[in-house]
Amino acid sequence: MRGGADHLRRGAMAAALCLGTAVGAAPVDYQLTPTHSFVHFEWPHAGLSTLIGRFDRVAGTVTLDAAARRGSGQISVQPASINTGRPALDQALRAALAPDTALQVMLSLVLGEDGTPARVQAVLQARGEQPVLTLPLQRVHYHCYTSPLLRREVCGGEFSATLDPAALGVQLAPAFGLQGPVTLRLQVEAVRQEPAP
């Protein structure tokens with residue numbers, strides 16, 4: 001009986017130590033992987049179909065603070081990398097989005113009790129100006145695992161939002177037939193960065 005009590009005490013002490021480590025843990029940085037992180041978009045075309053394209057070059061970092069249940073991030077999207085499979089449309093979109101300037105996406109995250117993003121807000125900034133658009137992002141899914149190749153934690157997910165392209169100054173000729181709101185889908189995978197020694 002006494003042995004059982006000792007075992008319970010040791011277990012409780014271990015659990016308390018683990019909890020203390022989690023609560024006191026420092027914020028963790030994650031670096032987006034360029035081969036698995038993209039911004040996709042879907043845009044209705046003349047009531048006939050949906051144009052699907054993406055920005056091929058996306059980079060950035062995300063910081064998660066499990067103790068504070070908060071997170072932040074900064075993602076740079078290169079407008080010149082837009083790809084719809086239609087060269088004339090790509091050229092028009094690049095001109096509308098100022099291809100020489102990266103589109104900055106500032107993220108603000110609220111973490112749930114399980115430490116995963118529960119609410120995500122994105123503030124878009126273009127042309128080095130003040131924020132031009134604030135969007136709540138809806139979480140589609142989120143998952144973390146230890147990569148056997150990198151031997152590090154990798155987290156990734158997909159988040160979506162709907163916006164009026166005019167809010168970003170995008171106005172195309174009627175001949176393109178693109179009308180209505182655009183659905184954005186942020187696809188990210190990020191590798192945990194170990195703190196400097």
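The analysis underlying the following values was restricted to heavy atoms, covering all of them including side chains, and did not include hydrogens, waters or symmetry mates. What you see is a predicted model; the values in this text were computed from it and never measured.
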Quiz item: Can you list every pair that meets salt bridge (charged side-chain N to carboxylate O under 4.0 Å, His left out) and has a residue in residues 133-143, with sequence neighbours left out?
Solution: none

Quiz item: Which distance, rounded to the nearest 0.5 Å, do you find between the CZ of R54 and the CG of L184?
Solution: 15.0 Å

Self-check item: Separation between CD1 of I82 and CG of D90, rounded to the nearest 0.5 Å
Solution: 6.5 Å

Quiz item: Taking only residues two or more places apart in sequence, or in another chain, which ones meet R86 in a side chain to side chain donor-acceptor pair (under 3.5 Å)?
Solution: none

Quiz item: If you count the non-hydrogen atoms of other residues, nucleotides and ligands that lie under 6.0 Å from CD in Q31, is the total more than 12?
Solution: yes

Quiz item: Could you give all pairs that pass the ring pair (Phe, Tyr, Trp, His ring centres under 6.0 Å) test and reach residues 49-81, with sequence neighbours left out?
Solution: F41-F55

Quiz item: Which atom pair, heavy atoms only, marks the closest approach of A88 to F176?
Solution: O-CZ, 4.0 Å

Quiz item: Under 4.5 Å between side-chain heavy atoms, hopping through other hydrophobics if needed: is there a path connecting L51 to V77?
Solution: yes

Practice problem: Please test I75 against L32 for side chain to side chain contact (heavy atoms under 4.5 Å, CB included), starting from the C-alpha separation and ending with a verdict. | Solution: CA-CA 9 Å; I75 297 175; L32 268 63; 4.1 Å; yes

Quiz prompt | Side-chain donor/acceptor of S37 to backbone N/O of P34, under 3.5 Å | solution = no

Quiz item: Are W43 and L172 close enough that some pair of their side-chain heavy atoms sits under 4.5 Å apart?
Solution: yes

Quiz item: Out of V110, L137, L135, L186, which residue meets the side-chain contact (heavy atoms from CB on, under 4.5 Å) rule with V120?
Solution: L137

Practice problem: Evaluate the side-chain proximity of L133 to V123: yes if any heavy-atom separation is below 4.5 Å, no if none is. | Solution: no

Could you go through residues 158-171 and list every donor-acceptor pair under 3.5 Å that involves a side-chain atom there, pairing it with any protein atom two or more places apart or in another chain?
from: D164; atom 1: OD1; to: A166; atom 2: N; distance (Å): 3.0

Quiz item: According to the salt bridge (charged side-chain N to carboxylate O under 4.0 Å, His left out) rule, which pairs have a member within residues 44-53, sequence neighbours left out?
Solution: none

Exercise. For A118 and G112, work out which heavy atoms get closest and say how close.
Key: CB-N, 3.8 Å

Give the table of side-chain donor-acceptor pairs shorter than 3.5 Å for residues 141-152, with sequence neighbours excluded, one pair per line with atom names and distance.
from: S147; atom 1: OG; to: L149; atom 2: N; distance (Å): 3.2
from: S147; atom 1: OG; to: L150; atom 2: N; distance (Å): 3.1
from: R152; atom 1: NH1; to: R192; atom 2: O; distance (Å): 3.3

Self-check item: Atom CD of Q193 with >12 non-hydrogen neighbours under 6.0 angstrom
Solution: yes

Quiz prompt | Minimum side-chain heavy-atom gap L103-L97 below 4.5 Å | solution = no

Practice problem: Kindly compute the distance separating CD (Q78) from CG (D56), expressed to the nearest 0.5 Å. | Solution: 11.5 Å

Practice problem: Identify whether V39 and L178 are in the same connected component of the hydrophobic contact network (ILVMFWY, side-chain heavy atoms under 4.5 Å). | Solution: yes

Quiz item: Under 4.5 Å between side-chain heavy atoms, hopping through other hydrophobics if needed: is there a path connecting V154 to L107?
Solution: no

Exercise. Drop me the distance from Y30's OH to E189's CD, to the nearest 0.5 angstrom.
Key: 13.5 Å

Quiz item: Under the 3.5 angstrom rule, does the side chain of N83 hit a backbone N or O of G85 as a donor-acceptor pair?
Solution: yes

Extract all donor-acceptor atom pairs below 3.5 Å that involve side chains of residues 57-73 and protein atoms in other chains or at least two apart in sequence.
from: T63; atom 1: OG1; to: D29; atom 2: OD1; distance (Å): 2.6
from: D65; atom 1: OD1; to: A67; atom 2: N; distance (Å): 3.2
from: D65; atom 1: OD1; to: A68; atom 2: N; distance (Å): 3.2

Quiz prompt | For H40, all residues meeting side chain to side chain donor-acceptor pair (under 3.5 Å), sequence neighbours excluded | solution = Q187

Practice problem: Hey, could you give me the OG1/CG distance between T134 and L124, rounded to the nearest 0.5 Å? | Solution: 8.0 Å

Practice problem: Can you tell me which residue pairs pass the side chain to side chain donor-acceptor pair (under 3.5 Å) test with a partner in residues 102-112, sequence neighbours excluded? | Solution: Q74-Q104

Self-check item: Remaining members of the apolar cluster that contains V140, side-chain heavy atoms under 4.5 Å
Solution: none

Practice problem: Any pair with a residue in residues 175-185 that passes side chain to side chain donor-acceptor pair (under 3.5 Å), sequence neighbours left out, goes on the list, sorted by first then second residue, please. | Solution: E42-R185

